[in-house]
S.K.: 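First the structure, which I've put down as structure tokens, then a few questions once you've had a look.
Because only heavy atoms are used, hydrogens play no part in the values below, and waters and symmetry mates are left out as well, while side chains stay in.
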Amino acid sequence: MRPFELLAPETVEDAVASPGTFLAGGTTLVDLMKLNVLTPRQVLDINAVPLRGIDTTDGLRFGALERMGDIAGHAGVYPVISRALLLSASQQIRNMASIGGNLMQRTRCSYFRDVAMPCNRRVPGSGCPALSGANRMHAVLGTSDACVATHASDVAVALVALDAQLRLVSETGTRTVELASFYRQPGETPEVETDLRPGELIAEVVVPRLDWALNSTYVKVRDRQSYEFALCSAAVALRVEDSRIVDARVAAGGVATVPWRLPAVEEALRGAPATVTAFEEAASLAAEGARPLAENAFKPSLLRRTIVRALLELTEGNHS
């Protein structure tokens, strides 16, 4: 780890006025600093900044510094969000990590985290060894010849499925962006991962009210049952009336370079009977456009099965 200056602003105004890298829970930033992947000269500890609070009055609002564990345990939080958070990490990390920091975490690609290796996200133009190297964990959707790394956040997948927004603050004011458009697919500029502008800070996560999202779940498939990143995941909310699907929200993780919304699957589900056959037909659309690599050709099939599993969880006893 290289030397750095640590500051601790106590107001939003002071935080956004100071150049530097924001530190919340530190569960991602400190790791990357130890590896010399990130080498900020100035770190801003923002834990004293008043960016906390959970409001369930009309939809959901989370202050960016709210801890993952506190949100997961809150009674008014939709199950898909709570489950995604609980499956994200160990209890110790959930008690430290902030919701804003989780949404901003960097990829877990081993090439990105190894400064001895080239990586277009870390050093633009240096290359992407994962294209022909160890790529079992990598993306099959939203990729480019410059990068095939997956997005690491579980809860981002759930929030994208629910049309969540971010309220961003800076010296010039406040703006609100859709979380789905906040993340950038790599294209030719994989080093530009989000729409966050210089000097901006995530202040709040806003989830529009969706009462039927009480019938929702997050299914995560991974190599081991605890503290592991997703090979594939599915966030699903379902509205079923008289054994027929009225509406659906579906997003996937572990298979794409960003949290991956699946509008074609949602459209296929709307109006369909809540049956295994209908679920399988809708899920067959999930991997359209996939570009498998040498070691992850199993992911399109796994994605389809994961979505069906999530749909079955939400309709157990109501399908045939």
S.K.: Without swapping roles, check the side chain of Ser144 against the backbone of Ala146 for a donor-acceptor pair under 3.5 Å.
M.R.: yes
S.K.: Step through the shown structure and confirm whether more than 12 heavy atoms of other residues, nucleotides or ligands are within 6.0 Å of CG on Asp242.
M.R.: no
S.K.: Roughly how far apart are Asp58 CG and Arg209 CZ, rounded to 0.5 Å?
M.R.: 5.5 Å
S.K.: Tell me whether Val80 shares a hydrophobic cluster with Val308, the cluster being built from Ile, Leu, Val, Met, Phe, Trp, Tyr side chains joined at under 4.5 Å.
M.R.: yes
S.K.: Using 0.5 Å steps for rounding, measure from the CD atom of Glu266 to the CD1 atom of Ile245.
M.R.: 11.5 Å
S.K.: Can you check whether Leu285 reaches Leu262 side chain to side chain, under 4.5 Å on heavy atoms?
M.R.: no
S.K.: So, taking the atom named CG in Asn95 and the one named CG in Asp70, what distance separates them when rounded to the nearest 0.5 Å?
M.R.: 7.0 Å
S.K.: Over all heavy atoms of both residues, which pair between Met104 and Leu196 is shortest? Give the atoms and the distance, please.
M.R.: CE-CD2, 3.7 Å
S.K.: Is there a side-chain contact between Met68 and Ser98 (heavy atoms, below 4.5 Å)?
M.R.: no
S.K.: Answer with yes or no whether the side chains of Thr172 and Ser170 bring together a donor and an acceptor at under 3.5 Å.
M.R.: yes
S.K.: Does Leu312 belong to the same Ile/Leu/Val/Met/Phe/Trp/Tyr cluster as Leu87, with side-chain heavy atoms less than 4.5 Å apart forming each link?
M.R.: yes
S.K.: Could you tell me whether the side chain of Asp195 reaches within less than 4.5 Å of the side chain of Arg175, counting heavy atoms only?
M.R.: yes
S.K.: Only counting residues at least two apart or in another chain, list the ones meeting ring-ring contact (aromatic ring centres under 6.0 Å, His included) with His138.
M.R.: none
S.K.: Can Thr11 and Asp14 be counted as having a side-chain donor-acceptor contact under 3.5 angstrom?
M.R.: yes
S.K.: Do Arg106 and Asp31 meet the salt-bridge criterion of a basic N to acidic O distance under 4.0 Å?
M.R.: no
S.K.: Are there over 12 heavy-atom neighbours, none belonging to Gln225, within less than 6.0 Å of that residue's CD?
M.R.: no
S.K.: Within the structure provided, determine whether Leu214 and Tyr78 are in side-chain contact (heavy-atom separation under 4.5 Å).
M.R.: yes
S.K.: State whether the side chain of Asp45 and the backbone N or O of Leu7 hold a donor-acceptor pair below 3.5 Å, judged by distance alone.
M.R.: no
S.K.: Is a donor on one side and an acceptor on the other found under 3.5 Å between the side chain of Arg309 and the backbone of Val219?
M.R.: no
S.K.: Do NZ/NE/NH1/NH2 and the carboxylate oxygens of Asp163 and Arg249 come within less than 4.0 Å?
M.R.: yes
S.K.: Taking only residues two or more places apart in sequence or in another chain, which ones pass side chain to side chain contact (heavy atoms under 4.5 Å, CB included) with Arg61?
M.R.: Asp55, Glu204, Val206
S.K.: Indicate the atoms forming the closest heavy-atom contact of Ala252 with Leu303, along with that distance.
M.R.: CB-CD1, 3.6 Å
S.K.: Rounded to the nearest 0.5 Å, what separates atom CG in Asp247 from atom CD in Glu241?
M.R.: 10.0 Å
S.K.: Is a side-chain N or O of Glu66 found less than 3.5 angstrom from the main chain of Gly53, in a donor-acceptor match?
M.R.: yes
S.K.: Transitively linked via ILVMFWY side-chain contacts under 4.5 Å: Met33 with Met117?
M.R.: no
S.K.: Please lay out, stage by stage, how Glu313 and Thr217 fare under the test side chain to side chain donor-acceptor pair (under 3.5 Å).
M.R.: CA-CA 8 Å; Glu313 274 192 18; Thr217 193; 2.9 Å; yes
S.K.: Is a donor on one side and an acceptor on the other found under 3.5 Å between the side chain of Arg224 and the backbone of Ser226?
M.R.: yes
S.K.: Identify the heavy atoms of Pro186 and Gly142 that sit nearest to each other, and give their distance.
M.R.: CD-O, 3.2 Å
S.K.: Leu38 versus Pro40: any side-chain heavy-atom pair under 4.5 Å?
M.R.: yes
S.K.: What is the distance from atom CH2 of Trp260 to atom OG of Ser233, rounded to the nearest 0.5 Å?
M.R.: 14.0 Å
S.K.: Is there a side-chain contact between Leu269 and Leu311 in this structure, where contact means two heavy atoms from C-beta onward sitting under 4.5 Å apart?
M.R.: yes
S.K.: Can you pull out every side chain to side chain donor-acceptor pair (under 3.5 Å) where at least one residue sits in residues 116-129? Sequence neighbours excluded, please.
M.R.: Arg121-Glu193
S.K.: When you look at His74 and Thr56, which way does the side chain to side chain contact (heavy atoms under 4.5 Å, CB included) test go after all the steps?
M.R.: CA-CA 9 Å; His74 196 282; Thr56 60; 3.7 Å; yes
S.K.: Minimum heavy-atom separation for Val49 to Pro9, with atom names?
M.R.: CG2-O, 3.5 Å
S.K.: Would you name the heavy atoms of Asp145 and Arg291 that are closest together and state the gap between them?
M.R.: OD1-NH2, 3.1 Å
S.K.: Run the salt bridge (charged side-chain N to carboxylate O under 4.0 Å, His left out) test against Asp114 and tell me which residues pass, sequence neighbours left out.
M.R.: none
S.K.: Between Phe62 and Val77, does the side chain to side chain contact (heavy atoms under 4.5 Å, CB included) criterion hold? Intermediate values first, please.
M.R.: CA-CA 10 Å; Phe62 311 130; Val77 172; 4.1 Å; yes
S.K.: Mind checking side-chain hydrogen bond (donor to acceptor under 3.5 Å, both in side chains) for Arg184 and listing every partner two or more places apart, or none if nothing turns up?
M.R.: none
S.K.: Strictly distance-based, threshold 3.5 Å: is any side-chain N or O of Ser82 a donor or acceptor partner for the main-chain N or O of Pro79?
M.R.: no
S.K.: Are there more than 12 heavy atoms of other residues, nucleotides or ligands under 6.0 Å from atom CD of Glu228?
M.R.: yes
S.K.: Please round to the nearest 0.5 Å and tell me the distance separating atom CD1 of Ile99 and atom CD1 of Ile202.
M.R.: 9.0 Å
S.K.: Decide whether Gln185 and Thr257 meet the rule of one side-chain donor and one side-chain acceptor closer than 3.5 Å.
M.R.: no
S.K.: State whether the side chain of Thr143 and the backbone N or O of Ala139 hold a donor-acceptor pair below 3.5 Å, judged by distance alone.
M.R.: no
S.K.: Return the minimal non-hydrogen interatomic distance between Val155 and Ser88, and the atom names on each side.
M.R.: N-OG, 4.4 Å
S.K.: Would you find more than 12 non-hydrogen atoms of other residues, nucleotides or ligands less than 6.0 Å from Glu178 atom CD?
M.R.: yes
S.K.: More than 12 foreign heavy atoms under 6.0 Å from OH of Tyr227: is that the case here?
M.R.: no
S.K.: Mark yes or no for whether Arg244, through its side chain, and Gly271, through its backbone, hold a donor-acceptor pair below 3.5 Å.
M.R.: yes
S.K.: Sort and list the pairs that fulfil side chain to side chain donor-acceptor pair (under 3.5 Å) and have at least one residue in residues 294-304, not counting sequence neighbours.
M.R.: Ser301-Arg305
S.K.: Look at the side-chain heavy atoms of Ile, Leu, Val, Met, Phe, Trp and Tyr, link any pair under 4.5 Å apart, and say whether Leu238 and Val160 land in one connected group.
M.R.: yes
S.K.: Between Thr275 and Ala278 (side chain of the first, backbone of the second, donor and acceptor by atom type, cut-off under 3.5 Å), is there such a pair?
M.R.: yes
S.K.: Assess the residue pair Glu267 and Val250 against the criterion (side chain to side chain contact (heavy atoms under 4.5 Å, CB included)); give the C-alpha distance rounded to whole Å, side-chain angles, the decisive distance to 0.1 Å, and a yes or no.
M.R.: CA-CA 10 Å; Glu267 184 59 30; Val250 184; over 6 Å; no
S.K.: Might you confirm whether atom CZ of Arg41 has over 12 heavy atoms from other residues, nucleotides or ligands at distances under 6.0 Å?
M.R.: no
S.K.: State yes or no: do Val115 and Phe4 share one hydrophobic cluster built from I, L, V, M, F, W and Y residues joined by side-chain heavy-atom distances below 4.5 Å, directly or via other members?
M.R.: yes
S.K.: Would you check if Leu23 and Ile46 make a side-chain contact, meaning some heavy-atom pair closer than 4.5 Å?
M.R.: no
S.K.: Is Asp154 salt-bridged to Arg222, going by a charged N under 4.0 Å from an acidic O?
M.R.: no
S.K.: Taking the side chain as every heavy atom from C-beta outward, state whether Thr21 and Gln42 have any atom pair closer than 4.5 Å.
M.R.: no
